[in-house]
2 protein chains.
Amino acid sequence: MVATVHQVAEVAGVSTSTVSRAFGRPELLNPQTREAVLSAATRLGYTPNRAARGLVTGRTGNLGMVVPDIANPFFPPLVKGATDRASMADLGVFLASSDLDAERELQAVQRMVKQVDGLVLCSTQLDDATVRRLAETTRLVLVNRTIRGIDSVVIDFAGGMRAAVDHLHALGHTSFVYLSGPNGSWSNEQRRQALRAQARKRGLHVSTLGPYLPTYESGVQAADQVLARGASAVIAYDDQMALGVLTRLHERGARVPDDVSVVGCDDVLPVGVARPSLTTVAGPCREVGRMAVELLLAGEAGAGPGGQLGVTSRRTEDRIATEVRQPTQLVVRASTGLAREVVGVGKLSGK
Amino acid sequence: MVATVHQVAEVAGVSTSTVSRAFGRPELLNPQTREAVLSAATRLGYTPNRAARGLVTGRTGNLGMVVPDIANPFFPPLVKGATDRASMADLGVFLASSDLDAERELQAVQRMVKQVDGLVLCSTQLDDATVRRLAETTRLVLVNRTIRGIDSVVIDFAGGMRAAVDHLHALGHTSFVYLSGPNGSWSNEQRRQALRAQARKRGLHVSTLGPYLPTYESGVQAADQVLARGASAVIAYDDQMALGVLTRLHERGARVPDDVSVVGCDDVLPVGVARPSLTTVAGPCREVGRMAVELLLAGEAGAGPGGQLGVTSRRTEDRIATEVRQPTQLVVRASTGLAREVVGVGKLSGK
DNA sequence: TTGTATGCGTTATCAA
DNA sequence: TTGATAACGCATACAA
């Protein structure tokens, strides 16, 4: 049996409203009565029932967070940043992993929307209209996706991708292959388009392979395609795929970076320990999770923050959305090197 | 404005109880009225408020899960298994990451205990007494920790660790170093004791270094200690540390496995891509998360499952606890090899 | 088969 | 400074 306001009230010899106030507005209470209530509460092990409280106040003290796949190493740091920030504000966090399925994601959202004060949707699979409708019901922050009028915080992998193209260009590569992530992924589009634009600018030729699921196995599979095309460089949608590529290239006898240069993206795995260590694009995932919750909190309070680096506020529909953009950077390690042509090595034979 | 039973009732021209029944006990309703209610509900976008429902039924439709650190790659698969199983049962999941801090963990538990039907505590930092007290308030399943009388599911790393010792023994090693995980960690004790017992049995000498935080950086740090001791083999508390060891040994010019053999534990990272690829002990993390929720569900229904492999039921205090034990296995890769003595290589000089 | 009335645990309003 | 009361959204016992 768990204690309620009633038991505490009885033990402390006060009314239930007084018990309630002892927790919610202690300053309104006579110090003596407050102490009496609090000690009675401690004795009975009483804690306010947040669900019941939420029913009357309209605030639940919970947040919701949805990610496509918590087993994808990109997301745990993000979740960590969010839960850490949330627990500082004494907020609970609902987590759902949608398995890259829009319907499952919608179910998860429905399940928690009435029990939370706000939602963080990471790389959401939902279409714009659904998200917009959702935003009318609850506070919403998007991560790695933007929709006009909705608050968001995105990791600007475009910047890192441009740096990656410049890096390959400087090494003498004249073309490269991009291993595409899942279809319909906003992040994939962001990366792919940045890549193509920069490649055009530098006069490089790009060809795209995929779509692939962002896994180690996909990378293994893709590596053979890369060899078949005789590509001198490959940029993968993420590190998991890049590691798979590395492994398979090694098996096939192709040397990295002498025969093929490989670039990953995310830098969340200990990719420095791969041999050769992986050149990749790194972003502040943890910080992004933290920031998403920050935005949620700021939105609840009323005015947005503004003033931080990369924060844009623009009026759309009839509200002002805050868009935070976090920079990325290219981390050059050992998996990228001079192009074959430059060092005079011909195409791999026996593909 | 979100819809409630009242709005739906009004639109459908029925009472609120009828609306309630349309969702909770559809079979009690005249098919026509049920359809009318459901269509009205759809039109208004109505979904039952689970918090309010929980207040009257006593069942919230939510579970809680606490892990020490969601950014530690050991836990995401576990969380994935749990959330997947939970969403099959249409349950929401609260997640908290305690940062290896007992107090923070307790706060997180307090925060959610009234809003959930059960709790999964992974590698909990709480002491036995606190956990027992908690178990009187709510359904509880422990992961990777056992307490008499409390349901649990543990990954039996002891088995894998014994296999690791036998493996080193077979390769001619006569002693090894164990890199210890965090103090007070149940998992660390499980691994360490299994190691020591098996080493004694095989006549190997073990020395322990640590405690260390289970991170890549700790491994880097520990590697120098390992070299200073002239050890021919090292078993690390987890893969992150083992990868750190690998990196630092390489920097120091020690060859793996020719000079030093390295064994990790968990097999959750793509450790096969490390060079040399890492010998490690693998356990069914995903399955364990799934099973923990299964146990919670079974406990709610009444009788426990029983019958599965490794399930023990024992009576303690005045209830019967179910303890599921999942086996592990040694995955031999390239980081372990014949001991130096066997191949005639002396101690490393210039340590 | 459906409606009425009540209570779940809490807080807000109002009166004292 | 404190207490009585109503209401939050819902499910159930009971009556019809």
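Residue numbers start from 1 in every chain, and the chains themselves are labelled A, B, ... in the order their sequence lines are given, proteins ahead of strands.
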Task: Residue pair A/Ser187 / A/Ser185, side-chain donor-acceptor N/O under 3.5 Å - done: no

TODO: Could you tell me the separation between the CZ atom of A/Arg50 and the P atom of C/dT10, rounded to a whole number of Å?
DONE: 12 Å

TODO: Would you classify B/Thr47 as touching base, sugar-phosphate or nothing, given that sugar-phosphate means primed atoms plus P, OP1 and OP2, and contacts are heavy atoms under 4.0 Å?
DONE: sugar-phosphate

Task: Heavy-atom side-chain contact between B/Phe74 and B/Asn144 under 4.5 Å - done: yes

TODO: Determine whether the side chains of A/Arg133 and A/Thr137 contain a donor N or O and an acceptor N or O closer than 3.5 Å.
DONE: no

TODO: Give the rounded distance in Å between these two atoms: CZ of B/Arg53 and C1' of D/dT12.
DONE: 13 Å

Open item on the list: According to ring pair (Phe, Tyr, Trp, His ring centres under 6.0 Å), who are the partners of A/Phe94, at least two apart in sequence or on a separate chain?
Closed with: B/Phe94

Task: Derivation and outcome, salt bridge (charged side-chain N to carboxylate O under 4.0 Å, His left out), residues B/Arg148 and B/Asp128 - done: CA-CA 9 Å; B/Arg148 192 165 282 273; B/Asp128 289 16; over 6 Å; no

Task: Backbone N/O of A/Ile70 and side chain of A/Ser97: donor-acceptor pair under 3.5 Å - done: yes

Open item on the list: When you measure from the side chain of A/Ser20 to the backbone of A/Thr16, do you find a donor-acceptor pair of N or O atoms at a distance under 3.5 Å?
Closed with: no

TODO: Take atom CG of A/Leu29 and atom C1' of C/dT11, then tell me their distance rounded to the nearest Å.
DONE: 14 Å

Task: Length of the CG-P vector between A/Leu28 and C/dT13, whole Å - done: 12 Å

- [ ] Please list, by residue number, the residues of residues 30-37 of chain B whose heavy atoms come closer than 4.0 Å to an atom of DNA chain C; answer none if no residue qualifies.
- [x] B/Asn30, B/Thr33

Task: Atom of B/Asn72, atom of B/Pro76 and distance for their closest heavy-atom approach - done: O-CD, 3.0 Å

Open item on the list: Listing request: all salt bridge (Lys or Arg N to Asp or Glu O under 4.0 Å) pairs with a residue in residues 6-34 of chain B, at least two apart in sequence or in separate chains.
Closed with: none

Task: Sequence neighbours excluded, every pair satisfying salt bridge (Lys or Arg N to Asp or Glu O under 4.0 Å) that has a member inside residues 77-94 of chain A - done: A/Arg50-A/Asp90, A/Lys80-B/Asp69, A/Lys80-B/Asp99, A/Asp84-B/Arg104, A/Arg85-A/Glu294, A/Asp90-B/Arg111

List, with names and distances, any nitrogen or oxygen atoms from the protein found under 3.5 Å away from nitrogen or oxygen atoms belonging to nucleotides 4-8 of chain C.
residue : atom : partner : partner atom : Å
C/dT4   : O4   : B/Ser17 : OG           : 3.2

Open item on the list: With a cut-off of less than 4.0 Å, is there a side-chain N or O of B/Arg25 near OP1 or OP2 of D/dT12?
Closed with: yes

Open item on the list: Tell me the interatomic distance from A/Asn49, atom CG, to D/dG9, atom C1', rounded to whole angstroms.
Closed with: 14 Å

TODO: Remember a base hit wins even if backbone is also touched, and classify B/Phe23 as base, sugar-phosphate or nothing at under 4.0 Å, heavy atoms.
DONE: nothing

Open item on the list: Once you apply a heavy-atom cut-off of 4.0 Å, does A/Thr57 come out as touching a base, just sugar-phosphate, or nothing?
Closed with: sugar-phosphate

Open item on the list: Rounding to an integer number of Å, can you tell me how far A/Glu10 CD sits from C/dG9 P?
Closed with: 14 Å

TODO: Please report how far the helix from C/dT1-D/dA16 to C/dA16-D/dT1 bends, comparing the axis fitted to its first five pairs with the axis fitted to its last five, to the nearest 10 degrees.
DONE: 40°

- [ ] Scan B/Leu126, B/Leu140, B/Val131, B/Thr124 and name whichever one has a side-chain contact (heavy atoms from CB on, under 4.5 Å) with B/Ile147.
- [x] B/Val131

Task: Other residues, nucleotides, ligands: >12 heavy atoms within 6.0 Å of B/Gln110 CD - done: yes

Open item on the list: Pick the closest DNA chain C nucleotide for B/Glu27 and for A/Pro48 by heavy atoms, then say which residue is nearer the 5' end.
Closed with: B/Glu27

TODO: Scan B/Val14 against the nucleic acid and name what it touches under 4.0 Å (heavy atoms): base, sugar-phosphate only, or nothing.
DONE: sugar-phosphate

